[in-house]
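Beneath this line is the structure, given in structure tokens, with notes to follow.
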Number of protein chains: 2
Amino acid sequence: MRVSARGDYAVRAALALAARYPATVSTQALADEQRLPRKFLEAVLADLRRADVVRAVRGCDGGYQLTREPRQVAVATILRAVDGPLAEVRGMRPEQVTYAGSAQHLSELWVAARSALRDVLDEVNLAQLATGRLPSRVRRLAATPDAWQPR
Amino acid sequence: MRVSARGDYAVRAALALAARYPATVSTQALADEQRLPRKFLEAVLADLRRADVVRAVRGCDGGYQLTREPRQVAVATILRAVDGPLAEVRGMRPEQVTYAGSAQHLSELWVAARSALRDVLDEVNLAQLATGRLPSRVRRLAATPDAWQPR
DNA sequence: AACCGATCCTACTTGCTCGGTAGGCATTGT
DNA sequence: ACAATGCCTACCGAGCAAGTAGGATCGGTT
């Protein structure tokens, strides 16, 4: 799983919007709060707008606001909007790659891995993430003995 | 999760080696069986050798062989050898990124997602994958209703 | 000693993506 | 009119991904 700067910034901006929901917040304010490069963040927010995650308000006192309640927005939705599909194999969807011979069952593994990812990222929403009250299954994953150890 | 061509090829080559374990197989034979570009595969196998997943035999009738039994080799080991860590956020390990303000709990989510990935990729080995007898938890993940549907 | 099939090493190419910057136009409340 | 904001296009430098090319080296066979 590779979360790009775009993905990271997008989630952080969305969290900042969730914290002030349903207020409208300017790019500058979001950039300041999360210490993000303003111009780059602009491009990221444009992605979120095209994905209908946020709505833009132009003109003086403009900015962005979530199009729906924080708890209605899954983190996966945000990541997909800016980084594309959660899982890809050689640039293709896991279910689209096919294998021959001894690799026959490989796509089943890719699909399972994607499914595991979805079970985390599609199930956590902005409200939970903002308050830190993650679903118990997710909390358990992060609490396993060496979950915080690199491998 | 982004599996590159390197990662895909590496797992397929390893599976082909597992199928013939403990025989020595040439790059050419591996490339033929899985239809991979030979020269590129050479570079991938070099990675696996440096990670001590395979051993190279030089000279006539040379090739590669697994350094241990197929069931002792996790898929994650192969992916890490050629693609680096399973999960990265902005080029860093999930446990290394820190956040302020409304994004405070974000690293917990990244760690949970990585943990979920590990629970699949670190638990499946070449023997299971070659025979298709995946662990029941993994099989269940791939069998959930819309696991094979794109989102 | 010669040969042949194999790995190994270095270099190169081509195209794409990533992260970010710059400038200016369009919109809107005051 | 003005100022603050979003919107759009273009650009840049660095790095990476996916190969390709050519040859050096090794080692068993003849």
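All of these numbers come straight from a predicted model, not from anything done at the bench. Each chain gets a letter, A, B and so on, in the order its sequence line appears, and its residues count up from 1.
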- Note on the structure: A correct 5'-to-3' footprint of nucleotides 11-22 of chain D, with B, S and - meaning base, sugar-phosphate only and no protein heavy atom under 4.0 Å, is -------SBBBB
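- Remark: A:Asp52 engages no residue in a salt bridge (charged side-chain N to carboxylate O under 4.0 Å, His left out) (not counting sequence neighbours).
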List the atom pairs, with distances to 0.1 Å, where a side-chain N or O of residues 137-147 of chain B and a protein N or O form a donor-acceptor pair under 3.5 Å, not counting sequence neighbours.
residue  : atom : partner  : partner atom : Å
B:Arg137 : NH1  : B:Asp119 : O            : 3.3
B:Arg139 : NH2  : B:Leu134 : O            : 3.1
B:Thr144 : OG1  : B:Leu141 : O            : 3.0

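- Of the N and O atoms on the side chains of A:Thr24 and A:Gln65, at least one donor lies less than 3.5 Å from an acceptor on the other residue.
- Across the protein-nucleic acid pair, A:Asp8 atom CG and C:dG20 atom C1' stand 15 Å apart, rounded to whole Å.
- Residues A:Arg6 and A:Asp83 are in side-chain contact: their nearest non-hydrogen atoms beyond the backbone lie under 4.5 Å apart.
- Between the side chain of B:Gln34 and the backbone N or O of B:Ala31, no donor-acceptor pair lies under 3.5 Å.
- Surrounding CZ of A:Arg20 are at most 12 heavy atoms belonging to other residues, nucleotides or ligands under 6.0 Å away.
- Between the side chain of A:Asn125 and the main chain of A:Ala74, no donor-acceptor pair closer than 3.5 Å is present.
- Other residues, nucleotides and ligands place no more than 12 heavy atoms under 6.0 Å from the CZ atom of A:Arg133.
- The shortest distance between side-chain heavy atoms of B:Pro85 and B:Arg80 does not fall below 4.5 Å.
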- Item | Residue pair A:Glu33, B:Ser102: steps toward the side-chain hydrogen bond (donor to acceptor under 3.5 Å, both in side chains) verdict | CA-CA 9 Å; A:Glu33 178 176 325; B:Ser102 40; 3.0 Å; yes
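- For DNA chain D, the neighbouring residues in residues 22-32 of chain A, judged by any heavy atom under 4.0 Å, are A:Ser26, A:Thr27.
- Across residues 45-57 of chain A, A:Arg49, A:Ala56, A:Val57 each have a non-hydrogen atom less than 4.0 Å from an atom of DNA chain D (numbered order).
- At a threshold of 4.5 Å between non-hydrogen side-chain atoms, the residues A:Tyr64 and A:Thr27 count as touching.
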Polar-atom pairs under 3.5 Å, protein N or O versus N or O of nucleotides 28-30 of chain C: list them with distances, or write none.
residue : atom : partner : partner atom : Å
C:dT28  : O2   : A:Cys60 : N            : 3.2

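- Remark: the backbone N or O of A:Val111 is not paired with any side-chain donor or acceptor of A:Ser115 at under 3.5 angstrom.
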